[in-house]
Each structure stands twice: as structure tokens, then as C-alpha cells.
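Reckoned from all heavy atoms, side chains included, excluding hydrogens, waters and symmetry mates. Below, read A as the first sequence line, B as the second, and so on, with proteins coming before strands; counting in each chain starts at 1.
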There are 2 protein chains.
Amino acid sequence: MREPRVIGVDLGGTKILTGIVTRDGSVEHRRETPTPLESQEAVLAGVGAAVEELLDDSVVALGFGIPSRLDQKTGRVEGSVNIPLQGLDLRSRMAERFNLPVGIENDANAATYAEFVAGAGRGAETMVMLTLGTGCGGGVVIDGKLYRGWAEFGHIVIEYDGLPCQGTCTGRGHLEGYVTGTAATKLAQEAFGPAADAHRLVRLASEGDPTARELLAGMGRRLGAGIGSLVNIFNPELVVIGGGFAAAGDFLLDPAREVMRREALAPDGGRVRIVRAELGTAAGLIGAGLVAFDAASAANGG
Amino acid sequence: MREPRVIGVDLGGTKILTGIVTRDGSVEHRRETPTPLESQEAVLAGVGAAVEELLDDSVVALGFGIPSRLDQKTGRVEGSVNIPLQGLDLRSRMAERFNLPVGIENDANAATYAEFVAGAGRGAETMVMLTLGTGCGGGVVIDGKLYRGWAEFGHIVIEYDGLPCQGTCTGRGHLEGYVTGTAATKLAQEAFGPAADAHRLVRLASEGDPTARELLAGMGRRLGAGIGSLVNIFNPELVVIGGGFAAAGDFLLDPAREVMRREALAPDGGRVRIVRAELGTAAGLIGAGLVAFDAASAANGG
């Protein structure tokens, strides 16, 4: 008998990543296709075609990581970032079309699950993850189990009445307003001119530029405040930082560690490790696959 | 056959409250005794004697609500506020002494559980609670289940590099530094002189004093920022505010509602209700009793 496999789908604002995922989190037959953004039905058709391309008899379930807030009880997409998905029961739609068990999850939750099983979180029990890219997403594994709720850690307030948040969010002083590639690009342009961006800022810091280092340290300290809040809520032993802007590395993470230790309640602040993610851009896809395996188990009665 | 009953113990910094609790959360034979604070063994002896006084054959389990951070896997008390309990396996000690199943829980988590089952949270699915007293505690019920982790919501950062936190906490800008009876007393004394306190501040607000109202509104807005963070993490339909300082009522909660709606991600910010707790000072005791019932079920393999 062939080992059961699933299809993982990482649906993003620019591309759809798909692959066959095995239970240990390895990926075969990786594919990439642009996301059609004209309408909800166009997104669904694009996703369906991407699944179709990989489907064979060994596939026992499908999993979708999407940039959306979900109601897991109903399978309904409450709202999305960068793609036109809202008010749709994605899980039922895909289950009907392919007649397979389907799991759906927020993309940051999916990446968290992947790092926990197959990346930086292997062996941890409770782990918080933050993904720093265009925006800031998050997820948490509690006592070995992925928390399937919102976990919109980019939208915790770290500065009362602070900077306006991004996009459609009406909040102020949210972590996402301070610690993302977008925020880094803005700071870089203010300091080094309109051609600079987050990559350039990190490059300058690694070349020893004191202004670049101080800008990253300032972002790191605010990241540390956000992590401190999350440590006091979840008491994780590990915090994993992923997303493209994690490339800032210890220029960002050393100041974050310092402030996190100040904000976290004793005795655990000193025990918490902050590390970089290991799976890179594959995390969302692998996590979607793991969510598919969970859906297959649930369909088989647990 | 008599209905199974449990003993709930609410261990506080000044007194030990005990009572017989039934499964629906009603309390009989309420008792109150001062907390002996000389040593850990003195606390244990005091708690043991309080249990002894109520023990009879109908009692199937014991539950303890304590002002401490706990490791639920080991039953170990990691650290406490206002009482000398640390590094102790309270659960085993009590189980050995009384030969009954024992549940232990943080006091704010216990109060959250009580409000969920028998108070303001009846009928909710996901509910966050904050208790505003000397300090600020919190708890959360997720999809009908009490989250048994830290949930130290008083120690989320709402103001980066803000006011120093209370007691042994080294943090800055934590919710607890801004929204407690202690903080209210401090503001009242600055505004109205050294004889004023939190009660006086609330009294003056209800008599129409604009300064008092603005001080409470300022606290409420910061409370709203903290609640906004928690809404974006847990997506509750209900936030319950308990503790003595909840007496500030809508002078505090209306501004909190306004800021929470701004900080919470659409579409849910508008749906979240912020209400006062209903069980008053009995919440901790009732919650301890509910934790005891859970321990009894677990001991029976359920």
C-alpha cells in the first residue's frame, strides 16, 4: 500500500503554491502559479486547477492555507488580506468538488504548524510564531496542539494611540505598524532616500552602518514588547520568527530578546528562546498539508 | 444517592474563602478565614484546616484557586502574588492529605470559569475575562473550554516603554500599570489629594465631576486597547470585566468599548460585547469548585 499523501495549497496574494505533502512534512512535486484576483470565483477556479494538476489516487485529503480570518466551526472565510475571498465556505466548496476531506487554515497558523512539526519548533511543546513580511502574522501551538483560532498577533497593541495600522485595519499602535518588511522599507527610505528598502537596510546593517543598526534595533525592541505580551499569555518555551523580514536576524532579534526578558513574568522570561524559522517559503505549503492530514484523521473518526 | 459535591477554596492574600459547590455553581456553607502568611507550610496548614471544616462523605473532589502561575502538567506552583507559595506541588500535597482528586487553577482563570458557567458568560462559546482589583488578572474560555495556561492578561504591553509595572514585574507599559483599583487610587490622589482613593473617584464620577469622569475614561480607553489585543487573538463574542474596580461601570467601559471597536479587526469588533461580571466575590470560590469537578471527572477516566 502506498503511503497516504495529501495536497497542500498555500494561497497568497500573488501566487498559489501547491505540492504533495507527506506526514513528516516533506514536499514533492512543488508547483507555482499566479493567483487570479479578478473575483472570488476566479480565485476558486485557480485553486481548483492547481489541485487538479497534482491529484492522483494516493491523495487522501486537501489542505488550504489562506490569508484570511476563518470560522473553523462553519468553514466560513470571514475576511481576507490581498485576495477577494469573503463570506465563502471554502471547505465545503472544495470538499464537494473533489470529494475528499478538506482542511483550511489561516496562512500564518499553517506556517506555525509546519515549523512546529518539521522546522524550528521540533521537540517544543508550546511555541509562538510570528511571520514578518508585508504584514505581520502569527500562530501558536499550545501543549502540542495548533490553536485554530484567530491568533492575529500582528494586531496586538504595543503602543497606545500609536501609529495607524496598515490596510483596512482601523487600529493604532499595532505590532504590524512597527515590525514588518513594509515598516522597514519606510524607515529605510526616511534615512537613506527613496531608493532604499528593507533589504538595503539589512545589508547596510550587516556592513556596519550604525544608523541602519539602530533602526533595526528600534524595531527589534518593539518586537520584544509584542513577544513579551505573548509570553505572558501563552508561556511558550520557544518563539519562532519567520517571513522575509526575519532575514534581519540578530540585528532585530537581540534587542527583541532583551526587551522580551524585561516584559515577561519571572521565572519564564529567561527561559524563552527566540529563533529564526527554518522552512522558508515552504512553511505555508507544508502547514496546509499537515492541516489536510488532520482533516483526513477527523473524517476517519479521529 | 446524594448529589456529588466538591469543596472549592479561593486562596487570597488576606483570606481563604471556602464552600461546598454543586455542579451548577451554587454554593453552600460558605466560610472565611484569614490567610496565614508566615510561611509556605503555614499557608498549607491554613488551607488544610479550612477544607477539613467542610469535609463530609458527599465531597468527591477538592479545587483550589490560587494567586499563582502554575504548570498544569506537573501541578507545580511557579510563582505567586501576595502569598509565600513557590516551587510547591500543591496538587499532590492536597491529594495525599485528603485522598481525593484535586484540581488547582490560577484565581483569575477560576473566576473566568465561574462566570462562564454560572455568571455573565452563560451561553457564550468564547469569552475573555479581566479582573480589575489590586492587580489585573485574566482568563479565557475558548470554544467552551477553559484555557488552563497562564493568560496573564494584566501583563500584556499596551504602551511601549510606558509606566513601570507593579510589584516584582520588571515590565513597562503593562495593562496592570494603568487599569486597576491601585492605579485609580493613584490618579485620584494626584487629582483630589491624599485622602482620595478608587472608591472616591468612582463616587465623584457618578456625582458628575468632570475630572473624575475624564480620569476613568482615560483608564477605560487603555483598557479598550488591551481588550482589542485580546479580541484579535481570541475572537471572543464576550468580554467580562470583574474585580472590585469593575464598580466603575460604564464610566470605564463605554470608553473601553469605543477603543476596542477601533483596535479589533473587522468584522468582529462590532459584535463583541463588554459586560460586567455577575458573581462578585464568589467567582473565585465557584470556579475552584468547577475545577474540582473537572478533576473528579478526570480521575474517573472522563
Might you point out which heavy atoms bring A:Asn232 and B:Trp150 nearest each other, and give the distance in Å?
O-CB, 3.6 Å
Counting heavy atoms not belonging to B:Glu190, are there more than 12 under 6.0 Å from its CD?
yes
Starting at CG of A:Asn235, measure out to CG of B:Leu70 and round the result to the nearest 0.5 Å.
10.5 Å
Region of A:Ile142 that comes under 4.5 Å of a non-hydrogen atom in chain B:
side chain
Would you name the heavy atoms of B:Leu230 and A:Ile233 that are closest together and state the gap between them?
CD2-CD1, 4.1 Å
Measure A:Glu125 against the heavy atoms of chain B and call it side chain, backbone, both or neither at under 4.5 Å.
side chain
Going by atom types alone, do B:His155 and A:Glu263 pair a side-chain donor with an acceptor below 3.5 Å?
no
Which atoms of B:Tyr147 come close to chain A, meaning under 4.5 Å heavy atom to heavy atom: side chain ones, backbone ones, both, or neither?
side chain
Between A:Arg222 and B:Asp161, does any side-chain N to carboxylate O distance fall below 4.0 Å?
no
Need one label for A:Asp143: side chain, backbone, both or neither, based on atoms under 4.5 Å from any heavy atom in chain B.
side chain
OG1/A:Thr170 to CZ/B:Arg261 distance, rounded to the nearest 0.5 angstrom?
11.0 Å
Nearest heavy-atom contact between A:Cys169 and B:Leu265 is SG-CD2, 4.0 Å
